[in-house]
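For reference, the structure discussed in these notes is given below.
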There are 2 protein chains.
Amino acid sequence: MTISCQRPYREVLERLRMSGLRPTRQRLALARLLFGGCDRHVTAEALHSEAVSAEVPVSLATVYNTLHQFTEAGLLREIVVDAGRSYFDTNTADHHHFFHERTGLLVDIPGADVVLAQLPPAPLGTKINRVDVIVRIEG
Amino acid sequence: MTISCQRPYREVLERLRMSGLRPTRQRLALARLLFGGCDRHVTAEALHSEAVSAEVPVSLATVYNTLHQFTEAGLLREIVVDAGRSYFDTNTADHHHFFHERTGLLVDIPGADVVLAQLPPAPLGTKINRVDVIVRIEG
DNA sequence: GTGATTGCAAATCTTTTGCACTAAA
DNA sequence: TTTAGTGCAAAAGATTTGCAATCAC
């Protein structure tokens with residue numbers, strides 16, 4: 001049995017439009033790579049190679065710009081697990097991550113699988129934005 | 001009332017010796033800045049400025065090397081909260097962090113103040129190394 | 001003395017930026 | 001046509017590395 005997460009072209013396009021992002025050739029190509037299938041984690045460098053391999057010449061600078069625009073639009077979430085390298089997650093739902101330090105592999109943990117029974121109050125004058133749980137694994 | 005965490009010179013020196021690190025001028029000076037007082041969070045850049053201000057000329061490269069040696073020796077813990085900047089924490093006990101995104105301020109949360117009631121099992125063939133909880137705050 | 005440690009400068013790597021060019025509306 | 005978006009190359013940070021000089025033992 002195979003689970004497919006294939007999503008049609010027009011749905012991806014619609015998603016861009018809804019975010020107020022003009023569906024340019026490059027944005028569309030990147031969006032299809034990112035949102036056309038199952039949820040995934042990418043680095044800018046990796047997405048760039050992928051795009052180039054897929055005959056979609058995009059500059060690395062544009063990949064960076066696009067990833068940030070998508071993140072700002074709420075289509076992606078930036079994950080910080082590794083000093084000096086940013087990951088972007090297409091899964092924007094509430095969830096956490098396993099991070100394999102040696103391989104750099106990032107794996108989702110469904111939101112329900114981590115239960116934070118107690119959290120301290122935010123320091124005076126601040127409010128909690130998000131809670132990230134990173135389970136660092138090895139082996 | 002003031003809580004002091006002053007620690008004597010010879011204790012810091014002993015700590016280096018115990019870690020098998022030769023107590024050189026630079027290592028000792030950095031160790032005193034790091035471990036001579038209360039627990040703290042530093043970036044390489046910040047520690048370097050501090051050292052230079054304290055009349056202890058150390059090169060930035062040596063600060064980086066030293067921070068990593070200390071981390072490897074278990075005297076420090078590296079905290080990743082910000083892509084492209086590493087923080088080092090002198091508190092190596094089990095605990096978590098508030099991170100103020102705008103100011104870059106990092107504040108300890110005592111281990112007991114965060115209760116993880118449930119964690120998923122590590123993926124097959126791996127083991128959990130550490131669990132980091134980062135409470136991102138704003139305002 | 002001898003091997004570990006340091007400083008410096010250069011290299012590396014990731015990410016951002018400025019600006020002329022191109023494409024979407 | 002008009003404005004947003006793109007590519008490129010250069011800049012900006014953070015971190016690392018190579019190697020000769022220096023220091024702890």
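Here is the naming used below: chain letters follow the sequence lines, and residue numbers restart at 1 for every chain. The structure presented is a predicted model; accordingly, all values stated were derived computationally and were not measured.
- The rotation axes computed at either terminus of the helix from C:dG1-D:dC25 to C:dA25-D:dT1 lie 30° apart, taking five pairs at each end and rounding to 10 degrees.
- When the P atom of D:dT16 is taken as reference, atom NE2 of B:His48 falls 15 Å away, rounded to whole Å.
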Exercise. Check step by step if side-chain contact (heavy atoms from CB on, under 4.5 Å) holds for B:Leu75 and B:Arg15.
Key: CA-CA 9 Å; B:Leu75 301 177; B:Arg15 202 153 173 209; 3.6 Å; yes
Quiz item: Does the pair B:Leu60 and B:Glu45 meet the rule for a side-chain contact (heavy atoms from CB on, under 4.5 Å), with working shown?
Solution: CA-CA 7 Å; B:Leu60 185 55; B:Glu45 193 64 59; 3.9 Å; yes
Quiz item: Given the rule in the side-chain contact (heavy atoms from CB on, under 4.5 Å) test, do A:Ile109 and B:Leu119 qualify, once you have shown the distances and angles that lead to the verdict?
Solution: CA-CA 9 Å; A:Ile109 302 174; B:Leu119 267 184; 5.9 Å; no
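- Here the straight-line distance linking atom CZ of A:Phe35 with atom OG1 of A:Thr90 works out to 6.5 Å at 0.5 Å rounding.
- Side-chain contact between B:Val80 and A:Arg136: present, with at least one pair of heavy atoms (C-beta onward) separated by less than 4.5 Å.
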Between the protein and nucleotides 5-11 of chain C, are there any N/O to N/O pairs under 3.5 Å, and if so, what are the atom names and distances?
unit_1: C:dT5; atom_1: OP1; unit_2: B:Arg27; atom_2: NH2; d: 2.3
unit_1: C:dT6; atom_1: OP1; unit_2: B:Thr24; atom_2: OG1; d: 2.6
unit_1: C:dT6; atom_1: O3'; unit_2: B:Gln26; atom_2: NE2; d: 2.8
unit_1: C:dG7; atom_1: OP1; unit_2: B:Gln26; atom_2: NE2; d: 3.0
unit_1: C:dG7; atom_1: OP1; unit_2: B:Pro57; atom_2: O; d: 3.3
unit_1: C:dG7; atom_1: OP2; unit_2: B:Ser59; atom_2: N; d: 3.3
unit_1: C:dG7; atom_1: OP2; unit_2: B:Ser59; atom_2: OG; d: 3.4
unit_1: C:dG7; atom_1: OP2; unit_2: B:Thr62; atom_2: OG1; d: 2.5

Every protein N/O within reach of nucleotides 13-15 of chain C N/O, cut-off under 3.5 Å:
unit_1: C:dT14; atom_1: OP1; unit_2: A:Arg85; atom_2: NH2; d: 2.9
unit_1: C:dT14; atom_1: O3'; unit_2: A:Gly84; atom_2: O; d: 3.4
unit_1: C:dT15; atom_1: OP1; unit_2: A:Ser86; atom_2: N; d: 2.8
unit_1: C:dT15; atom_1: OP2; unit_2: A:Tyr64; atom_2: OH; d: 2.2
unit_1: C:dT15; atom_1: O5'; unit_2: A:Tyr64; atom_2: OH; d: 3.1

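- Inter-residue side-chain proximity for A:Arg102 and A:Glu138 is flagged as unmet; no heavy-atom pair is nearer than 4.5 Å.
- Between A:Phe88 and A:His68, the ring-plane angle classifies as perpendicular under the 30° and 60° cut-offs.
- Checking A:Asp113 against A:His95 by side-chain atom types alone, no donor-acceptor pair falls below 3.5 Å.
- In this structure, a donor-acceptor pair under 3.5 Å is absent between the side chains of B:His96 and B:Asp132.
- The aromatic rings of A:Phe99 and A:Tyr87 lie perpendicular to each other, with more than 60° between the two planes, well past the 30° mark.
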